[in-house]
Structure formats: C-alpha cells, structure tokens
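Note on naming: letters A, B, ... go to the chains in the order of the sequence lines (proteins, then strands), and numbering restarts at 1 for each one. In this text, all values refer to a predicted model and were calculated from it rather than measured experimentally.
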There are 2 protein chains.
Amino acid sequence: MHFPKSPAVATDVLIFSVLEGKLCVLLIQIGSGPYKGKWALPGGLVEMKETLDEAALRILEEKAGVRGVYLEQLYTFGDVDRDVRGRSVSVAYFALVNGDHYNPRTTDYYAGIGWKDVRRLPAMAFDHKKVVEFGVKRLASKLAYSNIAYALLPREFTLSDLQSVYEVILGRTLDKRNFRKKIQEVKLVKETGSMRRTGANRPAKLYAFSQSRPTLVDVL
Amino acid sequence: MHFPKSPAVATDVLIFSVLEGKLCVLLIQIGSGPYKGKWALPGGLVEMKETLDEAALRILEEKAGVRGVYLEQLYTFGDVDRDVRGRSVSVAYFALVNGDHYNPRTTDYYAGIGWKDVRRLPAMAFDHKKVVEFGVKRLASKLAYSNIAYALLPREFTLSDLQSVYEVILGRTLDKRNFRKKIQEVKLVKETGSMRRTGANRPAKLYAFSQSRPTLVDVL
DNA sequence: CCTCTTAGTGTATTTATTACACTAACCTGT
DNA sequence: ACAGGTTAGTGTAATAAATACACTAAGAGG
C-alpha cells in the first residue's frame, strides 16, 4: 500500500540536567537558513526503519553523545506553521542526564551548543519554546510520583544533593526534615556506607537510589 | 525545503463512553484488506493543511458524527511494524462522550461499528489493543485530579450516576458518604434544583458540573 | 400499611502533612 | 586549644486529610 502525501515526522529531544543549581536543557544554535542564530532542541527526521524511541535514542547519541539515559515520550506537536520550511510533525521526547553523561558532539553545522537555564531561554526556533515549557511541567509533576530523580544524579549523592534537585525543578524550597523523612519512608534511597567531605563542615553520608529504573513512588 | 521520505502520519481516536455500567470504546470493523474482520479505532491520515488536533476533530465527526466533546492527545505510537501495509506513525487521541452525543455514520466501507466494553475487546487490528489499554489507564488517572467526568455525563445527573462513572472507570467501589463529601468539598457540582424520579424509590436531586471545561481538581 | 428500593446523611479513628530549632562534625584561623 | 563558620543530621506536636462505618428518608407497589 502506498500512502498519499503526509507531513514529515521528526523527533526533538529535551535533554535536561541540573547544573549549578539550575534546571538546564541542551540547545543547539542553528547555523543557517530561516532560523539562523536561533536556538533549537536537538532533533531530526525519523527514518523509515526505526521506531520513534529508536529515533530519539539515535539523536541523543548523535547530537549529545549520550547513551543509556532516561528517555520518555513527551507529546507530539503538529501545528501547521510550526516549521516555516515545510509541514512537519514532531514527536518530542525528554531525557534526563547528570553532568557525567554529557559529551556533546561539536560539528560546524551548528553555530553553538550548550546548556541553557530553562528559566532564561534564548530566542528559539520553531515551536521549541512551547516544547521546553511543556517538558518542564511534565518533569516537575513526574518528580512527585516517581523515582526519576535517579537519572539526574550521579550514582552516589547526599540527601542535600537530592533535595536540591527537587527544589530546583519544583521551584520551591522544601523542609529538610520532612523531605528526609519521606524519602526514607518510601525507601527511595539506601546508604552506601561512605561519606563525602567537602571542606570546612560536617561530612555527609552518601546514598544511592534503591532502584535505577523508572518506578512509581509517592515521593512528595 | 523538501523533506525526504518519512513515515505516514495518522491519528486514531479513542472515543470513550460509559454505557450500561461499562466503560466502552467505539470501534469499527474493517471490511477488507489484511485486517479484514478485525476491529480498529476510527482513524485516518493527517492532511497537509490541518493540525493534529484538527485531524482528530475531523475524524471524530466523520466517523462518529460527534462534535464539541472533550478531546486530548494521548500518545504517539510509531513501531515499525504497527501497520503491515506500510510505515506509519499514529498520534492517538482520546475523546469522552455521553450517550446523547453519539450518532455514528454508517458507510459500507466498514463491516461494522459499535461500542465495545474495554474489558472484553474483540480481535483488534494494528497496535490498537495497546492503544486502548494505554488510554484506559490515562483516563483513570485523569479522573482523580480533574473534572473531566463532566464530559461523560449528561448536563443533569444524580450523585449516584457520578459515583457510578468513577467506579466503572477506576474499577473499584467507592464509599458513598466519603465520595459525596469530597465532591461537594471541591465544589465539583452544584444542585440544579430539580429531582429525578425513577420508580419505586426515593427521588434523587439532580446536579450539574460547576465547570464544563477541563479543570484541575483534586477529586479523590 | 408493609415491603422493597434507591437517596441521603455524620462521627470517630487512623493516617498523612506540616511547622518548627537545636546539636554534630569538620575545617580554619588565631 | 578553642572560637567561629558551615553544612549535616535529627524528633515531636499540631493540623489536616482519608477512611471506616449504619441508619433514616422518600417514593412505588402490592
């Protein structure tokens, strides 16, 4: 069977990381064409022989050099005018990485690549501003009822690190004692036995997530 | 700009209704081709000049004669082998209707059309079984924190009607007094002043939703 | 007027959430 | 060695939310 003319199918990937106390997303600056100078999500067309998930994984690796991270489908954007160059539909995904995973490919096709604070986005191409805002909301709500924070932290971390991730993404401060109580109660983490010394203060116990795959948990 | 070959873009719409105490979905029986005899969701290709939402609305009207109902994007399914006739990506939507809205178009292209209990699905074409199951889960979870039940009930209804919709979709019974307490507390509904008499028992007060557009409310 | 059926109502118990302030451990500088 | 600075770590009381539970009310029909 041969299908008639149809919009192009692309995927765009929101790669989130918490860096220096800010929720950041990896953006690429477009080097030519009508969107020259604007920033965009890493993305690309879906090939005939790959699933949507596979396309997103490929883009993640090609554009950000990232493998084995958390990835989930976000939403599909299909406004007629979302790309002035032609009709396309974009299946947006979001990925979570911690600083360690990041190893961006640099090519001269792009004018730039870098982490941008989601609260201070630069001028963006296509409908990508909307996509980022949508993704931030989804991320915040998933944080409350799943363990996906594991994907944003290194294998070992302190409870203060963990709390800070929650605070940055939710955009509000949390009570230290109540936070710790809840985290322990739902058995989100376990002690690793070692400590971290960071200077002129009391050393902190290090923890690891008890599960390193997505699980539903009532965290907050 | 001209895009290279890309999967076809379709939308499929899950049309839910609660009928005779069962959560049902409107399905069409395919009349020819490799999926002949199998049941499928109403769907079709997205046209070049319409957004995804518009395509879903068009299908809703063309296939089910339904207008002005609740509609929301569900998920996009894009496995390579989801349609044996060729590579396609399907943006699934779900719609909520009450019995009144239903006025299906009958065409001889289809071998049949009808409401099917989501707990007893017939043999389904494509990946549509997966799509329905995904949609049922989403619907159940949205019921708990939004007022979308309004779209499944007529303008006036009793609190028992409402509770029954919740019970059918959640798949468990709810305590009558606690349910009513919560519903009133969050001001989900208001009395209309009239009553419904249904035979040999006490008449029930009729209620209407205080909001007839999607709103976030902590119902349960 | 008795029986059947569905509608409608309140309270006590348990559980979860919130608010809140001090001590512990370590480093540094004197 | 000890004082000052900094982050880690801990418990309890008050409030709010969720749950469990059983009887009376209103109508129809015989």
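- Side-chain atoms of B:Arg180 stay outside donor-acceptor range of the base of C:dA7, with no qualifying N/O pair under 3.5 Å.
- Here the C1' atom of nucleotide D:dA18 and the CG atom of B:Asp218 are 12 Å apart, to the nearest Å.
- Taking atom NZ of A:Lys176 as the reference point, atom P of D:dA8 lies 6 Å away to the nearest angstrom.
- Put simply, CZ on B:Arg202 is 8 Å from C1' on D:dT24, counting in whole angstrom units.
- For the pair B:Ser160 and C:dT6, the criterion of a side-chain N or O lying under 4.0 Å from OP1 or OP2 is not met.
- Counting to the nearest Å, the P atom of C:dA7 and the CD atom of B:Glu191 are 15 Å from each other.
- Side-chain nitrogen and oxygen atoms of B:Lys182 include at least one within less than 4.0 Å of the OP1 or OP2 phosphate oxygen of D:dA18.
- For the pair A:Leu174 CG and C:dC20 C1', the interatomic distance rounds to 15 Å; values are reported in whole Å.
- Between B:Arg138 and B:Glu72, at least one side-chain nitrogen of the basic residue sits less than 4.0 Å from a carboxylate oxygen of the acidic one, meeting the salt-bridge criterion.
- Under 4.0 Å is where a charged nitrogen must lie from a carboxylate oxygen, and between B:Asp79 and B:Lys130 at least one such pair does.
- Residue side chain A:Arg197 does not reach the base of C:dC27 through any donor-acceptor N/O pair under 3.5 Å, judged by distance alone.
- Side chains of B:Thr158 and B:Asp161: a donor-acceptor N/O pair is present below 3.5 angstrom, by distance only.
- Between B:Phe209 and B:Phe157, the ring centre distance stays below 6.0 Å.
- Computed from coordinates, the B:Lys181 NZ to D:dA20 P distance equals 12 Å when rounded to whole Å.
- The residue among A:Thr158 and B:Leu220 whose nearest nucleotide of DNA chain D is located toward the 5' end is A:Thr158.
- No hydrogens or angles were tested; on distance alone, a donor-acceptor pair under 3.5 Å links the side chain of B:Asp175 to the base of D:dC21.
- Here the P atom of nucleotide D:dA18 and the CD atom of B:Glu185 are 7 Å apart, to the nearest Å.
- If B:Gly199 and A:Thr198 are placed on DNA chain D by their nearest nucleotide, the residue sitting closer to the 5' end is A:Thr198.
- For A:Lys129 and A:Glu133, the salt-bridge test passes: some basic side-chain N is under 4.0 Å from an acidic carboxylate O.
- The nearest whole Å value for the distance from the CE atom in A:Met195 to the P atom in C:dC26 is 7 Å.
- For B:Ala204 and A:Asn178, each mapped to the nucleotide of DNA chain C holding its nearest heavy atom, the one lying further toward the 5' end belongs to B:Ala204.
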